[in-house]
There are 2 protein chains.
Amino acid sequence: MINLATDEAVENHGDEGDKQRLRLWLRLLKVSRYIEGELRERLRKEYATTLPRFDVMSALYRAEKGLKMSELSAALMVSNGNVTGIIERLVAEGLVLREPLPGDRRVMLVLLTPEGREKFRDMALVHQGWVSELLKNINARDAATICDILDVKLVRTSAGREGEKE
Amino acid sequence: MINLATDEAVENHGDEGDKQRLRLWLRLLKVSRYIEGELRERLRKEYATTLPRFDVMSALYRAEKGLKMSELSAALMVSNGNVTGIIERLVAEGLVLREPLPGDRRVMLVLLTPEGREKFRDMALVHQGWVSELLKNINARDAATICDILDVKLVRTSAGREGEKE
DNA sequence: GGTTAAAATTTTAAGATTGAAATATTTTTG
DNA sequence: CAAAAATATTTCAATCTTAAAATTTTAACC
């Protein structure tokens, strides 16, 4: 009931679908690499920062109350140890604060400093402009189409969630 | 003449397009991260190798005559120094051969060994199955649609190629 | 209540990645 | 032809990244 494809719904078995999906994956990889590369370079040149740091700040910006380390790594889909190092550097730069969570001494809460919030606000605006420019040949409707197709279509593949009849 | 969007073609200026394209980028990033993570884990567990190594072998497999180091890094959209290290490990594993190009002693040619070709052939088949499984909820037509939209739409943004009327 | 299991984080070792500098070779050019 | 510019690659230091092991703290269980 999610897959609305009419006549194509049947052909999800043959070689053709396999090939198209592999082609799609290679295309996604190429586009991602290209855009990531551009953003990395621009963040470095314009703001003397890196994409991972930007991503971390972005996640923290949306969470005003702060995030646990594990929430942060889950949000970014990277490993725990990874986030530890990036946060270290952001703390050293005065952009992030780390504080214990009262009541559970295992947990570390991280949040943006006022300076971090301000700096991110600046960057985020310019960043959106960059992305829009890099994808300028894709109109709003096509963008929305792709988002929709890629949205629900992915989720149920990894850990075998419940409720999958068939 | 490439952009066939009828009525949307006009709205590539407003805030709406910006937002949709940013949303698209975040979605692309998420999907890529997810699939990359799955493939990495499976390559490690099933074949004791890594995604970068697989990518390098894939590029070399298609180029039977071998590739220059610079052609390889260009194909994968990564830095030169990066490829050097990955090739080193593949050579140590006996999967890749490095040889000088007669006539230009600056150039290093890299190509798969027979063992490398065989091993990649095995992996590639399984790999395609993984990708297709991970994207199984996307039918062939949708996959093709996305590929087409993402295809030409990207290229002309970076270095300002010649021949762009308009 | 003390032992064990679970959870959150950090540390560690290996690899991947970049950008810049260094090397080596070829091409250009005066 | 010699000096300079261009090209191809490697080396280097810094950062990012992962998976696994180690640490610390909390929860569970008998």
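We name chains A, B, ... by the order of the sequence lines, and we start the count at 1 in each one. Basis for what follows: all heavy atoms, side chains included, without hydrogens, waters or symmetry-related copies.
Within the structure, the ring pair (Phe, Tyr, Trp, His ring centres under 6.0 Å) test picks out the following pairs touching residues 86-128 of chain A (sequence neighbours left out): F54(A)-F120(A), F54(A)-H127(A), Y61(A)-F120(A).
Taking 4.0 angstrom as the limit, R105(A) places a side-chain polar atom (N or O) nearer than this to OP1 or OP2 of dT26(D). Here N82(B) does not reach the OP1 or OP2 of dA16(C): none of its side-chain N or O atoms lies under 4.0 Å away.
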Candidate pair E115(B) and K119(B), rule salt bridge (charged side-chain N to carboxylate O under 4.0 Å, His left out), full reasoning:
CA-CA 6 Å; E115(B) 187 191 339; K119(B) 180 156 186 185; over 6 Å; no
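Following rounding to the nearest Å, E41(A) (CD) and dA20(C) (P) show an atom-to-atom distance of 9 Å. Rounded to whole angstrom, the span from the CZ atom of R33(A) across to the C1' atom of dA16(C) amounts to 11 Å. For the pair L43(A) CG and dG19(C) C1', the computed distance is 15 Å after rounding to whole Å. Computed from coordinates, the L39(B) CG to dA19(D) P distance equals 13 Å when rounded to whole Å. When rounded to the nearest whole Å, the span between CD of E38(A) and P of dT18(C) equals 13 Å. Spacing between atom NZ of K45(B) and atom P of dA20(D) amounts to 8 Å, rounded to whole angstrom units. Atom pair R89(B):CZ and dT10(D):P shows a separation of 13 Å (rounding to whole Å applied). The CD1 atom of I86(B) sits 16 Å away from the C1' atom of dT11(D) (whole-angstrom rounding).
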Set out, line by line, the N/O atom pairs under 3.5 Å between protein and nucleotides 7-10 of chain C.
residue, atom, partner, partner atom, Å
dA7(C), O4', R106(A), NH1, 3.4
dA7(C), N3, R106(A), NH1, 3.3
dT9(C), OP1, M69(A), N, 3.2
dT9(C), OP1, M108(A), N, 3.0
dT9(C), OP1, M108(A), O, 3.3
dT9(C), OP2, S70(A), N, 2.7
dT9(C), OP2, S70(A), OG, 2.4
dT10(C), OP1, R98(A), NH1, 3.3
dT10(C), OP1, R98(A), NH2, 2.8
dT10(C), OP2, T84(A), OG1, 3.0

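Contacts with DNA chain D (heavy atom under 4.0 Å) in residues 50-62 of chain A: T50(A), P52(A), R53(A), listed by number.
The 5' end of DNA chain D is approached more closely, in terms of each residue's nearest nucleotide, by G85(A) than by the other of G85(A) and G37(B).
Not counting sequence neighbours, D122(A) has no partner by the side chain to side chain donor-acceptor pair (under 3.5 Å) test. The side chain to side chain contact (heavy atoms under 4.5 Å, CB included) search around E36(A) returns L51(A), W25(B), L29(B), not counting sequence neighbours. Judged as a salt bridge (charged side-chain N to carboxylate O under 4.0 Å, His left out), and not counting sequence neighbours, E88(B) has no contacts. The side chain to side chain contact (heavy atoms under 4.5 Å, CB included) check on A59(B) picks up R62(B), L67(B), L72(B), L76(B), with sequence neighbours excluded. Remark: T145(B) engages R141(B), I149(B) in a side chain to side chain contact (heavy atoms under 4.5 Å, CB included) (not counting sequence neighbours). Here E118(A) pairs with R121(A) under the side chain to side chain contact (heavy atoms under 4.5 Å, CB included) rule; sequence neighbours left out.
Remark: the backbone N or O of I138(A) is paired with a side-chain donor or acceptor of R21(B) at under 3.5 angstrom.
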